[in-house]
Amino acid sequence: MKIQAVKGTRDFYPPQMAVRNFIVDGWKTASIRNGFVEYDGPIFEHLQMYQIKSGEEIVEQLFNFEDRGGRHLAIRPEITPTLARMVNQQINALPRPIKWFSVPRLCRAERPQKGRLREFFQWNIDIIDVEDVLADAEVVYCSLDYLRSLGLTRNDVVAKISSRRLLAAVLKNIGIPEARLDTLYPILDKKPKIPAEAFVEMLEKEIDDSDTVGMIVKLMDVQSVDDIPDLVELNDEEQAALDELAQVFAYLKQMGVEEYCRFDMGIVRGLAYYTGMVFEIHDAAGELRAICGGGRYDNLLSDFGGPKVTATGMGMGDAVLEILLREKGLLTDESVPVQTLDYFVACLDADLFGKALKVTAALRQQGHSANLNYKTNALKKQMKAADAMNAAKCIIIGGELKESNQLVVKDMKTGEQELIDAMTFLK
RNA sequence: GUGGAUGUAGCUCAGUUGGUUAGAGCACUAGAUUGUGGAUCUAGGGGUCGGGGGUUCGAGUCCCCUCAUCCACCCCA
């Protein structure tokens, strides 16, 4: 009976683990560089927690189960609800603003596809209790900061930024009732992914008035924030939303990443809970799924039973990122840092094996990484083993130990070797 | 849930109009070489040809079913 890995999961053999660590370590380093501190929660939560934000239907997309106490639980498909729960629990004790990051392992019961798996890692950063759009700009900046640190340039990636608040205000202004907005968002979100005619067709199904449909199409094609006043007469709410978005861009310019950023009315995000700036970072060619996405969600904490505290954040999965980095030649199996060994201890004579063990243990005791062959076979074999483990130095225990209590220490890189008194290692 | 493609060794793949005991390269193990690593050469281990059924004297090859994987759709927190 041969059992294989579960659909949509990956095995991380040492080479793949090195790649994963490369990505995850980069995320953590970028987070810390940008002033975020790490948190984590349990990998399963009450099923109900995911229904608050995403509705009843979400259940079929989750791995859920009942525990022996009859609790309905689910493996986490995202960490934002956990974050909301944790922050709410200690809201009065936490120093503000809260800038937290996490790299949770998540599971979703979806059909696997390119860049989309059933188990994956996702870098999350969130800033809580900062009303100023500076927090939104910081989230975008931090995402770009990481991508830039990998060697991706403005020719490789683009941050597409828009505003839910602006979109809602404009739609209301052209006569869309507020209650219709939530059904419209997923359609608008699709616009960049489908042909223009299909987009119009979908809109016409929802909206009877063809003038309104035409206006929406025009709006969605707007290339710059400055063009919006030409299309609609701005009311106070629209003006405020527009100013706010302009401020996001102003901050990003001050931080020197404006050439990565672009206004894009087509960035809507399917979910209802976004309240302000929304953004996605895509590969410049637009061939892959979004590398990351996020935005402001000022109502989430109160939806989870907490006080009304503002929040903004982003999530970046490892799957699309890895595909992009490999395509760009910024990640190969050879380019990833490999695990190395400080000392490999080779033993030439079975009689001396006890000494070899002693030296190895002493090296470990001193804080070095050290390893040895379990069999005393040909030196050639042992050198090969040392090489395979990326040993920096190889200690050879042979006749010199018997004759003058000395060991051969070979530098594996230069090939040079010297005789050193055994006591140097054994003390 | 829908559609398409693909399943032969750990990996990448060959395998003729159906014909005897299923092959190569890489990887792995050992040896050439009992005191010196990445190379070379030699040898070895490793396969119920995804699984089941059918056609046939005979199936890796043809037919049916099934399972799995990948890709696209749906969805995408």
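Chain letters run A, B, ... following the sequence lines, proteins first, then strands; residues in each count from 1. FYI, side chains are in, hydrogens and waters are out, and symmetry mates aren't considered; it's all heavy atoms of this structure.
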[X] [atom1] to [N] [atom2], straight-line distance once rounded to whole Å:
X	N	atom1	atom2	answer
A/Leu379	B/U34	CG	P	11 Å
A/Asn377	B/U33	CG	P	17 Å
A/Met316	B/C76	CE	C1'	17 Å
A/Asn64	B/A77	CG	P	20 Å
A/Leu288	B/C76	CG	P	20 Å
A/Leu401	B/G35	CG	P	16 Å
A/Lys7	B/C71	NZ	P	11 Å
A/Arg111	B/G1	CZ	C1'	7 Å

Tell me which nucleotide among [options] gets nearest to the side chain of [X].
X	options	value
A/Val408	B/U69, B/G38, B/G35	B/G35
A/Lys380	B/A77, B/C76, B/A39	B/A39
A/Lys375	B/C70, B/A30, B/A72	B/A30
A/Leu62	B/C75, B/A77, B/C70	B/A77
A/Met412	B/G37, B/G35, B/A77	B/G37
A/Lys114	B/C71, B/U36, B/G35	B/C71
A/Glu78	B/A77, B/C75, B/G38	B/A77

Toward the 5' end of RNA chain B, which comes first, A/Gly8 or A/Gln122, by nearest nucleotide?
-> A/Gly8
Does A/Tyr273 or A/Ala5 map to a spot on RNA chain B nearer the 5' end, using the closest nucleotide for each?
->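 This one resolves to A/Ala5.
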Do [X] and [N] have a side chain to base donor-acceptor pair shorter than 3.5 Å?
X	N	value
A/Gln382	B/U36	no
A/Glu400	B/G35	yes
A/Arg108	B/C76	no
A/Lys410	B/U36	yes

Applying the Watson-Crick and G-U wobble criteria at under 3.5 Å, what pairs with [N]? Answer none if nothing qualifies.
N	answer
B/A5	B/U69
B/C75	none
B/A59	none
B/U48	none
B/U16	none
B/A43	B/U29

For the pair A/Thr340 (side chain) and A/Asn390 (backbone), establish whether a donor and an acceptor sit closer than 3.5 Å, ignoring hydrogens and angles.
->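 Between the backbone of A/Asn390 and the side chain of A/Thr340 there is no qualifying donor-acceptor contact (under 3.5 Å).
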Is the backbone N or O of A/Asn377 less than 3.5 Å from a side-chain atom of A/Gln382, with the two atoms forming a donor-acceptor pair by type?
-> yes
Rounded to whole angstrom, note down the [atom1] distance from [N] over to [M].
N	M	atom1	result
B/C64	B/U56	C1'	16 Å
B/G46	B/U8	C1'	14 Å
B/U55	B/G18	C1'	12 Å
B/C57	B/C65	P	24 Å
B/G7	B/G45	P	28 Å
B/A22	B/G15	C1'	8 Å
B/A59	B/G19	C1'	10 Å
B/U21	B/G25	P	23 Å

Check A/Arg20, A/Arg116, A/Arg10 against A/Asp318 for a salt bridge (charged side-chain N to carboxylate O under 4.0 Å, His left out) and give me the one that passes.
-> A/Arg10
May I ask you to test the A/Lys53-A/Leu300 pair for a side-chain heavy-atom distance under 4.5 Å?
-> yes
Once you apply a heavy-atom cut-off of 4.0 Å, does [X] come out as touching a base, just sugar-phosphate, or nothing?
X	answer
A/Gly399	base
A/Ile396	base
A/Gly315	nothing

Assess A/Arg105 against A/Phe121: is NZ or CZ under 6.0 Å from the centre of the six-membered ring, and within 45 degrees of the ring's axis?
->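 No; the conditions do not both hold, so A/Arg105 does not lie above the ring face of A/Phe121.
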Cation-pi between A/Arg164 and A/Tyr185: NZ/CZ under 6.0 Å from ring centre and within 45° of the ring axis?
-> yes
A/Ile161 and side chain to side chain contact (heavy atoms under 4.5 Å, CB included): which partner among A/Asp136, A/Ile281, A/Val225, A/Leu245?
-> A/Leu245
Using a cut-off of less than 4.0 Å, is there contact between a side-chain N or O of A/Lys381 and OP1 or OP2 of B/U34?
->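 The answer is no; no side-chain N or O of A/Lys381 sits under 4.0 Å from OP1 or OP2.
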Any donor-acceptor N or O pair under 3.5 Å, side chains A/Thr82, A/Glu45 | yes
